[in-house]
S.K.: 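The structure follows.
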Amino acid sequence: MLFGRVTDFNVRGNLRAPTAPSKNQNPYFLEGFEELDKLISVDFLQGLPQIYKNNTGVSDVPEGTKLDTDLYMVHIIPHAATITLHNPYVDFTNAQSVSTKRCLDAAQSILAAYYTLSATSLDLSRLHPFVTICWYLAAVVQIQLCKYSIEIGDVEREATVWGEINVLRFAMMDYGHRSPVGGEASARVDA
């Protein structure tokens, strides 16, 4: 539902706009953008009951590590929605770009959630297939950052970002062994 509100907003906005969204455009001037941004970037996760706010779905219990797949998705879908909402406005040349910061933070949050999960021996195939879309969206942001790092000659950041892209790509490929959606997402990253 949360992700759907973002895609609906983007589709409706693209149908009404005379031109495609631009990185030079301030999306906060678009009707409804600020409210939707606040919902997905702040309010949704803050509105969770206290018991779930700091529980990302991966927890240690006496029997081993436990995975609540629904709770895991609850914590990463808002980040995927943030990337979907802000990505058309990303401008790495503008250090003040809120959209760029939101996308970078969201991609890092998705990566952090994956790192937490991958540090366990849990079976990733138990995750909802939509997880691959979340990983893919984070990879898209990282690819854009890598391209920018190459353009400005930041070799160190380029190497770090390539590593993060590969982490996400391998996660999608691994999931793809169990579900075609993972392989498809991985192939789009490779393209």
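Only a predicted model underlies this, so the values are computations on that prediction, with no experimental measurement involved.
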S.K.: What distance do Gln144 atom CD and Ile83 atom CD1 have between them, rounded to the nearest 0.5 Å?
M.R.: 9.5 Å
S.K.: Is it true that a side-chain atom of Ser118 and a backbone atom of Tyr115 form a donor plus acceptor pair closer than 3.5 Å?
M.R.: yes
S.K.: Please confirm whether His79 and Phe44 have ring centers closer than 6.0 angstrom.
M.R.: no
S.K.: Given side chain to side chain contact (heavy atoms under 4.5 Å, CB included), test Gln108 with Gln142 step by step and report yes or no.
M.R.: CA-CA 9 Å; Gln108 287 302 309; Gln142 296 305 96; 3.5 Å; yes
S.K.: So for atom CD, which belongs to Glu156, do other residues, nucleotides or ligands contribute more than 12 heavy atoms lying within a distance under 6.0 Å?
M.R.: no
S.K.: List the steps and the verdict of side-chain hydrogen bond (donor to acceptor under 3.5 Å, both in side chains) for Asn26 and Tyr89.
M.R.: CA-CA 7 Å; Asn26 182 345; Tyr89 310 103; over 6 Å; no
S.K.: Go through the steps to decide whether Thr93 and Ile152 satisfy the test side chain to side chain contact (heavy atoms under 4.5 Å, CB included), and finish with yes or no.
M.R.: CA-CA 10 Å; Thr93 64; Ile152 64 169; over 6 Å; no
S.K.: Is Asn87 close to Val140 at the side-chain level, that is, under 4.5 Å between some pair of heavy atoms?
M.R.: yes
S.K.: Do Val131 and Thr69 pass the side chain to side chain contact (heavy atoms under 4.5 Å, CB included) test, and can you show the C-alpha distance, the side-chain angles, and the key distance before you say yes or no?
M.R.: CA-CA 10 Å; Val131 75; Thr69 58; over 6 Å; no
S.K.: Does a sphere of radius 6.0 Å around CD in Glu34 hold more than 12 heavy atoms from other residues, nucleotides or ligands, not counting ones at 6.0 Å or beyond?
M.R.: no
S.K.: Rounded to the nearest 0.5 Å, how far apart are CG of Leu111 and CD of Glu164?
M.R.: 5.0 Å
S.K.: Side-chain contact test, heavy atoms from C-beta onward, threshold under 4.5 Å: evaluate it for Leu48 versus His75 and give yes or no.
M.R.: yes
S.K.: Step by step, work out the side chain to side chain contact (heavy atoms under 4.5 Å, CB included) result for Gln96 and Lys101.
M.R.: CA-CA 8 Å; Gln96 305 304 315; Lys101 181 174 178 1; over 6 Å; no
S.K.: So, for Ala113 and Ile76, which heavy atoms are closest and what is the spacing to 0.1 Å?
M.R.: CB-CG2, 3.5 Å
S.K.: Count the heavy atoms of every other residue, nucleotide or ligand shown that sit under 6.0 Å from CZ of Arg157, and state whether that count exceeds 12.
M.R.: yes
S.K.: With a 4.5 Å heavy-atom cut-off, do Phe3 and Val6 have their side chains touching?
M.R.: no
S.K.: Indicate, with yes or no, if Tyr72 and Ile40 share a hydrophobic cluster defined by side-chain heavy-atom contacts under 4.5 Å among Ile, Leu, Val, Met, Phe, Trp and Tyr.
M.R.: no
S.K.: Identify the two heavy atoms, one from Val161 and one from Cys146, that lie closest to each other, and give their separation to 0.1 Å.
M.R.: CG1-CB, 3.7 Å
S.K.: Tyr114 and Leu45: same hydrophobic cluster, using ILVMFWY side-chain contacts below 4.5 Å?
M.R.: no
S.K.: Check the orientation of Tyr148 and Phe92. Use parallel for under 30°, tilted for 30 to 60°, and perpendicular for over 60°.
M.R.: parallel
S.K.: Could you check if a side-chain atom of Ile51 sits within less than 4.5 angstrom of a side-chain atom of Asn55, using non-hydrogen atoms only?
M.R.: no
S.K.: Look at the side-chain heavy atoms of Ile, Leu, Val, Met, Phe, Trp and Tyr, link any pair under 4.5 Å apart, and say whether Leu2 and Phe33 land in one connected group.
M.R.: yes
S.K.: Checking Asn10 side chain against Thr84 main chain: does a donor-acceptor pair fall under 3.5 Å?
M.R.: yes
S.K.: Please say whether more than 12 non-hydrogen atoms of neighbouring residues, nucleotides or ligands are located less than 6.0 Å from NZ in Lys66.
M.R.: no
S.K.: Working to the nearest 0.5 angstrom, can you tell me the gap between Asp174 CG and Ser125 OG?
M.R.: 9.0 Å
S.K.: Judged by atom type as modelled, is there a donor-acceptor pair below 3.5 Å linking the side chain of Lys38 to the main-chain atoms of Asp43?
M.R.: no
S.K.: Are Val58 and Leu71 close enough that some pair of their side-chain heavy atoms sits under 4.5 Å apart?
M.R.: no
S.K.: Please round to the nearest 0.5 Å and tell me the distance separating atom OH of Tyr28 and atom CD of Glu35.
M.R.: 11.0 Å
S.K.: For a quick test of reading the model, state the closest non-hydrogen atom pair linking Gly32 to Phe9 and the distance between them.
M.R.: C-CE1, 3.8 Å
S.K.: Donor-acceptor pair, Thr100 side chain versus Asp91 backbone, under 3.5 Å?
M.R.: yes
S.K.: Under 4.5 Å between side-chain heavy atoms, counting indirect links through other Ile/Leu/Val/Met/Phe/Trp/Tyr residues: same cluster for Leu127 and Val167 or not?
M.R.: yes
S.K.: Donor-acceptor pair, distance only, cut-off 3.5 Å: does the side chain of Tyr136 make one with the backbone of Leu168?
M.R.: no
S.K.: Met73 and Pro78: which non-hydrogen atoms are nearest, and at how many Å?
M.R.: O-CD, 4.3 Å
S.K.: I want to check something: taking the side chain as every heavy atom from C-beta on, are Leu67 and Thr120 in contact at a cut-off of under 4.5 Å?
M.R.: no
S.K.: Gln25 side chain to Ser22 main-chain N or O, any donor-acceptor pair under 3.5 Å?
M.R.: yes
S.K.: Would you mind reporting whether Arg102 and Leu85 have side-chain heavy atoms less than 4.5 Å apart?
M.R.: no
S.K.: Where is the tightest heavy-atom contact between Lys23 and Val90, given as atom of each residue plus distance?
M.R.: CB-O, 3.1 Å
S.K.: Identify the two heavy atoms, one from Ile110 and one from Cys134, that lie closest to each other, and give their separation to 0.1 Å.
M.R.: CD1-O, 3.6 Å
S.K.: Taking atom CH2 of Trp135 and atom CZ of Phe130, what is their separation to the nearest 0.5 Å?
M.R.: 12.5 Å
S.K.: Counting only heavy atoms not in Tyr52, do more than 12 fall under 6.0 Å of its OH?
M.R.: no
